[in-house]
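Inspection log for the structure reproduced underneath, given as structure tokens.
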Amino acid sequence: MKIYIYCVGLHKDGGLNILNKFLIHKKKNQILIIDSRIKKFFYEGENVIYIKENLIIRFFNLIYLSFKIKKEDHILFLNGIPPIVKFKSTTSIVFQNANLFRDFYKVNFYKWLFSKDSLRYFAFIFGKKNIENWYTLSPIAKKIISKKLKKYVNVKILDIFEDYKKTEVNNFKKVKYDFIYPASFMEHKNHKILIDSMILLSKKNIFPSLLLTLDKTSYRKINIDKIIKKYKLKIFNHFEPAQDKFQKVYKECASLIYMSSSETIGLPILEAYQNGLIIIAPQLDYSQQFINPHFLFNINDKNDLCNKIEDCLNKKHDYKKYYNTNITVNLNFISLDEFYSKIL
């Protein structure tokens with residue numbers, strides 16, 4: 001019996017981090033099918049297959065795999081997209097990206113229609129019948145996907161959060177930045193709201209240092225250098241695609257500001273908790289499903305965000321007393337050790 005783990009599409013941000021969590025538990029009889037865009041971060045070997053991010057190549061690769069994989073094998077679609085072809089083997093999926101559903105993040109219909117999310121949605125519609133076992137990584141993801149499947153389908157939650165249950169106390173003596181916002185440039189990530197809030201604070205003569213994590217193309221698109229110069233903002237940028245190196249960046253920051261208006265996990269909140277940062281997050285369900293952030297703000301109110309930033313800056317000196325949040329994971333979650341040993 002062989003186990004195939006299909007990871008094409010996981011190549012950056014949270015998806016790459018989740019892939020790393022699964023790779024820690026990888027066994028000899030498992031074959032990884034990985035996105036070629038992250039080839040430089042992984043080793044090559046007989047049990048690693050790299051696939052280019054090309055729809056035609058991916059389609060024919062799926063057809064090839066459907067013939068190659070035997071009935072006694074097991075294939076896990078870690079990328080969260082059901083295959084549009086039927087496999088003879090046991091077929092499982094870990095659903096994690098709800099952005100393929102337009103009603104989840106309320107995007108304009110035509111903008112959604114001509115995006116990759118619409119293609120993922122149609123793949124979901126045609127491929128969901130080919131999945132036997134459904135898994136998610138959070139209660140919110142389970143709630144979303146359960147509404148899209150037949151009532152008798154039992155969706156289970158995997159616990160990938162063991163590493164996040166231990167936090168390190170941050171004494172703020174060596175931090176370079178007051179805040180970090182680790183997110184790629186997408187509309188629902190709300191970078192503009194954050195920058196506008198920094199401008200509002202500057203008018204009150206408050207200039208917190210903020211670290212963004214945008215790639216060069218996105219950074220230029222925002223035209224942020226002109227804004228920084230005009231308002232004398234302390235906004236910096238550091239893009240680090242390698243997840244192991246990026247985790248060290250948290251150590252240089254005192255607090256996390258998370259701005260996304262739609263997530264199923266909100267992984268940076270857990271990463272910030274693990275590294276002992278104070279957390280500012282939107283007053284939305286996803287930001288409170290595992291921990292209680294120190295500050296919650298109204299995502300539609302820039303003044304409220306500014307107030308929470310000021311409160312955060314003023315309370316850093318009382319950090320040890322103030323940092324009393326704990327991560328909560330439901331006992332019904334399936335641990336990755338159990339998942340690999342009993343299910344795969």
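For D159 and S335, the side-chain atoms include no donor-acceptor pair closer than 3.5 Å.
Relative orientation of the Y177 and F236 rings is tilted, given thresholds of 30° and 60° on the angle between their planes. Using bins of under 30°, 30° to 60° and over 60° for the plane-to-plane angle, the ring pair Y258/Y286 lands in the perpendicular bin.
Put simply, the side chain of D35 gets close to the backbone of R37: a donor and an acceptor are under 3.5 Å apart. Listed for the T264 side chain is a donor-acceptor partner under 3.5 Å among the backbone atoms of Q96. Proximity of a side-chain donor or acceptor of H188 to a complementary backbone N or O of S260 within less than 3.5 Å is not detected. Although no hydrogens or angles enter the test, the distance criterion places no donor-acceptor pair under 3.5 Å between the side chain of S202 and the main chain of L233. For N79 (side chain) and L10 (main-chain N/O), no donor-acceptor pair under 3.5 Å exists by modelled atom type.
Rounding to the nearest 0.5 Å places CZ of F109 at 6.5 Å from CZ of R102. Taking CD1 of I279 as the start and CG of L296 as the end, the distance is 10.0 Å to the nearest 0.5 Å. The CG atom of L78 sits 8.0 Å away from atom CG of L137, with the distance rounded to the nearest 0.5 Å. Atom OG of S89 sits about 5.0 Å away from atom CD1 of I69, to the nearest 0.5 Å. For the atom pair OG1 (T91) and NE2 (H74), the distance works out to 7.0 Å, reported to the nearest 0.5 Å. Note that CZ of F87 is 4.0 Å distant from CD1 of I75, once rounded to the nearest 0.5 Å.
Listed by chain and residue number, I193, D196, S197, L200 satisfy the side chain to side chain contact (heavy atoms under 4.5 Å, CB included) test with K302 (two or more places apart in sequence, or in another chain). Annotation: salt bridge (Lys or Arg N to Asp or Glu O under 4.0 Å) contacts of D73 (sequence neighbours excluded): none. Partners of K176 under the side-chain hydrogen bond (donor to acceptor under 3.5 Å, both in side chains) rule, at least two apart in sequence or in another chain, do not exist in this structure. K88 is linked by a side chain to side chain contact (heavy atoms under 4.5 Å, CB included) to nothing, counting only residues two or more places apart in sequence or in another chain. For E310, the salt bridge (Lys or Arg N to Asp or Glu O under 4.0 Å) partners two or more places apart in sequence, or in a different chain, are K204. Residues meeting the side chain to side chain contact (heavy atoms under 4.5 Å, CB included) test with S118, sequence neighbours left out: W112, F122.
Following chains of ILVMFWY side-chain contacts shorter than 4.5 Å, one cannot reach F207 starting from I180, and the two form parts of different hydrophobic clusters. There is no path of hydrophobic side-chain contacts, each under 4.5 Å, that joins L267 to M186.
For residues 121-139, the set of pairs meeting the side-chain hydrogen bond (donor to acceptor under 3.5 Å, both in side chains) definition, not counting sequence neighbours, comprises S92-N133. The salt bridge (Lys or Arg N to Asp or Glu O under 4.0 Å) pairs that include a residue from residues 114-123 are E53-K116, D117-R120, where partners are two or more places apart or lie in different chains. Sorted by first and then second residue, the pairs that involve residues 255-281 and meet salt bridge (Lys or Arg N to Asp or Glu O under 4.0 Å), not counting sequence neighbours, are K189-E263.
Residue I269 comes nearest to A281 through the heavy atom pair CD1-CB, 4.1 Å, listed as atom of the first residue, atom of the second, then distance. Here the shortest heavy-atom pairing between P208 and F179 reads CB-CE1, 3.7 Å. Nearest heavy-atom pair, A254 versus V175, reported as atom, atom and distance to 0.1 Å: N-CG1, 3.9 Å. For the residue pair N99 and S262, the shortest heavy atom distance occurs at OD1-OG, 4.1 Å. What you find for S36 and Y50 is that their closest heavy atoms are CA-CD2, 4.1 Å. Of all heavy-atom pairs spanning C312 and I278, the tightest one is SG-CG2, 3.6 Å.
A heavy-atom distance below 4.5 Å is not found between the side chains of S255 and F295. Here the side chains of I160 and L336 are in contact, with some heavy-atom distance below 4.5 Å. L65 is listed as a side-chain neighbour of I33, based on a closest heavy-atom distance under 4.5 Å. With contacts defined as side-chain heavy-atom distances shorter than 4.5 Å, the pair I34/V48 qualifies. Within the 4.5 Å cutoff, the side chain of H294 has no heavy atoms near those of the Y273 side chain. Considering only heavy atoms from C-beta on, Y250 comes within 4.5 Å of P268 through its side chain. The closest side-chain heavy-atom distance from L305 to I280 is below 4.5 Å. Side-chain contact between L210 and L194 is present, with at least one heavy-atom pair separated by less than 4.5 Å.
Sparse packing is recorded around NZ of K150, with 12 or fewer heavy atoms of other residues, nucleotides or ligands lying under 6.0 Å away. Other residues, nucleotides and ligands place no more than 12 heavy atoms under 6.0 Å from the CG atom of D285. Surrounding CD of E252 are more than 12 heavy atoms belonging to other residues, nucleotides or ligands, all under 6.0 Å away. When the shell of 6.0 Å around CZ of F239 is examined, it contains more than 12 heavy atoms from other residues, nucleotides or ligands.
Figure legend: cation-pi geometry between K148 and F101, with NZ or CZ positioned under 6.0 Å from the six-membered ring centre and within 45° of its axis.
Its side chain within the 4.5 Å cluster rule, L119 clusters with L55 among the Ile, Leu, Val, Met, Phe, Trp and Tyr residues.
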Can you give the donor-acceptor pairs under 3.5 Å from side chains of residues 223-230 to other protein atoms, not counting sequence neighbours?
residue, atom, partner, partner atom, Å
D225, OD1, Y219, OH, 2.7

Solution key, residues 140-147 side-chain donor-acceptor pairs under 3.5 Å, sequence neighbours excluded:
residue, atom, partner, partner atom, Å
K142, NZ, V155, O, 3.3
S146, OG, K142, O, 2.6

What verdict does the side-chain contact (heavy atoms from CB on, under 4.5 Å) test give for K221 and L214, after you've listed the backbone C-alpha separation in whole Å, the side-chain angles of each residue and the deciding distance to 0.1 Å?
CA-CA 10 Å; K221 190 180 295 184; L214 301 171; over 6 Å; no

Tell me, with the steps shown, if N61 and Y6 meet side-chain contact (heavy atoms from CB on, under 4.5 Å).
CA-CA 11 Å; N61 176 255; Y6 192 88; 3.8 Å; yes

In sequence, state the C-alpha distance, the side-chain angles, and the governing distance for I93 and F124, and then conclude on side-chain contact (heavy atoms from CB on, under 4.5 Å).
CA-CA 11 Å; I93 193 169; F124 171 83; over 6 Å; no

Apply the test side-chain contact (heavy atoms from CB on, under 4.5 Å) to residues I51 and I57: give CA-CA distance (whole Å), side-chain angles for both, the deciding distance (0.1 Å), then the verdict.
CA-CA 8 Å; I51 303 296; I57 292 176; 4.1 Å; yes

